[in-house]
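Here's the structure we're looking at; comments come further down.
FYI, side chains are in, hydrogens and waters are out, and symmetry mates aren't considered; it's all heavy atoms of this structure.
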Amino acid sequence: MQTDASADHPFDAIRALIAQMPTASAKAVAAVRARDAQLTKPPGALGRLEEIVEWLAAWQDRAEPTLDRPTVVVFAANHGVVAQGVSPYPASVTAQMLKNFSSGGAAVNQICAVNGAGLKVFELALNLPTKDITEAPAMEARECAATLAYGMEAIAGGADLLALGEMGIGNTTIAAAIYHALYGGEAEDWVGRGTGLNDEGLKRKADAVRRAIALHKDDLDDPFEVLRRLGGREVAAMAGAILAARMERTPVLLDGYVVCAAAAILHALDPATLDHCLAGHVSAEGAHAKVLEKLGKKPLLDLGMRLGEGSGAALAIGVVKAALACHQDMATFASAGVDDKDP
């Protein structure tokens, strides 16, 4: 999928893609509902599991949806705003955690293994953090557009379900700034403790978000400007991945607080950009529940998690697999010799 990040208006190619997004397949949904009506259960008895299968069918455009290649994709980046004391951990932890992913030692590795999901991790110039958003725009426009394009290319490979995750010390500050820019309120409404901030650290984090918004406030009307001024490379790449998945008819499971910052940028451009996405879980970090309300997403899981790494979305793959297994493998009333309800 090609985008021209070097044009005079770097985001025009992305806007053009949004204007040509495919829509849900009503025909595939009708086929799923017809089979569901024959399964050995009362109508609607499996609740959201039935809706999940319809969602898979609608966006894969398949009357018989598949889950042969669920894939978790994690994007990692570093952030200049870490200099403001917004995290108890140094930026070096980002690269160290990537080594942990590679050696199979992270939580998301274990969850992917249990759920039969592939895991891909992409490093986004860790040795060159984005600029400190309290002092300057995080990225130049062309850099941001190029990172969006990279996120589109990074998901190539034929996944039939995409779960998104991230890794980056300081990126909950970035996410909070994006939410504050998009949704208003006070900085304190959006910040959380991230990787374990104490009270003083939480005050520094809120202050950094407040100063960033004050610096950039005259340029935040365009969601792409919100992204490039306040965002990180992993946020831009995830926004690109969400859009590319839409173009390729791949359903998406969103992870937590930071992943949803990428989703929020797209939602601000056009709410329909997230129609192919489900929220894998609601995070205990910051105001994620409030963000999901803004995005119109009801989470599949609520387990008090706040790890990142795509862990909540990866865990939700198991729920999606169970939903599809029930739909595909349950007997029908006819095949099981069970009487259907009276007409």
Side-chain angles (χ1 to χ4, degrees), residues 3-7 10-11 13-14 73-103 106 119-156 164-178 181 194-195 204-205 208-209 211-213 215-216 219-220 223-244 255 257-259 261-262 265 308-310:
T3 58
D4 182 5
S6 63
F11 299 112
I14 313 295
V73 175
V74 177
F75 293 99
N78 276 324
H79 305 270
V81 75
V82 169
Q84 300 300 320
V86 298
S87 173
Y89 291 94
S92 57
V93 169
T94 304
Q96 292 163 0
M97 279 302 300
L98 290 195
K99 291 180 181 178
N100 197 27
F101 294 145
S102 296
S103 64
L119 175 63
K120 298 180 180 179
V121 181
F122 294 93
E123 175 184 337
L124 299 165
L126 296 188
N127 61 341
L128 187 65
T130 49
K131 294 183 177 66
D132 183 344
I133 62 172
T134 68
E135 299 176 352
M139 294 173 279
E140 298 299 326
R142 285 181 177 81
E143 176 191 0
C144 184
T147 308
L148 277 156
Y150 176 79
M152 293 179 186
E153 300 293 345
I155 70 160
L164 284 175
E166 44 62 40
M167 178 64 213
I169 297 300
N171 65 9
T172 58
T173 303
I174 294 301
I178 288 172
T195 50
R204 289 194 299 272
K205 187 173 182 178
V209 169
R211 286 187 287 127
I213 296 300
L215 177 66
H216 302 290
D219 299 288
L220 299 177
F224 280 127
E225 282 296 300
V226 174
L227 176 61
R228 76 110 176 164
R229 289 175 175 274
L230 301 175
R233 293 190 186 94
E234 78 273 55
V235 178
M238 289 188 295
I242 292 168
L243 184 55
D255 193 51
Y257 189 72
V258 179
V259 171
I265 294 293
E309 303 179 3

Looking at every heavy atom in both [X] and [Y], which two are closest together, and how far apart are they?
X	Y	result
Ala236	Leu148	O-CD2, 3.2 Å
Ala106	Met97	CB-CE, 4.4 Å
Met167	Val74	N-CG1, 4.1 Å
Ala181	Val226	CB-CG1, 4.0 Å
Lys205	Gly194	NZ-N, 3.8 Å
Pro129	Gly80	CB-N, 3.9 Å

Could you tell me whether the side chain of [Y] reaches within less than 4.5 Å of the side chain of [X], counting heavy atoms only?
X	Y	result
Thr173	His79	no
Glu143	Arg233	yes
Thr134	Leu215	no
Glu309	Phe101	yes
Val82	Ile169	yes
Leu230	Leu220	yes
Met152	Ile14	yes
Tyr257	Asn171	no

Self-check item: salt bridge (Lys or Arg N to Asp or Glu O under 4.0 Å) partners for Arg228, two or more places apart
Solution: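 So Arg228 forms a salt bridge (Lys or Arg N to Asp or Glu O under 4.0 Å) with Glu225.
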Quiz item: Of the options Leu227, Thr130, Val235, which is the one that meets Cys144 in a side chain to side chain contact (heavy atoms under 4.5 Å, CB included)?
Solution: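 By the side chain to side chain contact (heavy atoms under 4.5 Å, CB included) criterion, Cys144 pairs with just one of Leu227, Thr130, Val235: Leu227.
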Look up atom [atom1] in [X] and atom [atom2] in [Y], then write down how far apart they are to the nearest 0.5 Å.
X	Y	atom1	atom2	answer
Glu166	Phe122	CD	CZ	15.0 Å
Thr147	Glu234	OG1	CD	10.0 Å
Met238	Ile155	CE	CD1	13.0 Å

Quiz item: Under the side chain to side chain donor-acceptor pair (under 3.5 Å) rule, what pairs show up with a residue in residues 86-100, not counting sequence neighbours?
Solution: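 The answer is Asn78-Thr94, Ser87-Thr195.
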Exercise. Tell me, with the steps shown, if Leu126 and Leu98 meet side chain to side chain contact (heavy atoms under 4.5 Å, CB included).
Key: CA-CA 10 Å; Leu126 296 188; Leu98 290 195; 3.6 Å; yes
Self-check item: Qualifying residues under side chain to side chain donor-acceptor pair (under 3.5 Å), relative to Arg211, sequence neighbours excluded
Solution: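 Here the qualifying residues are Gln84, Asp207.
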Exercise. Give the ring-plane orientation class for Tyr150 versus Phe75, where under 30° counts as parallel, over 60° as perpendicular and anything between as tilted.
Key: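 Ring orientation, 0 to 90° scale: perpendicular.
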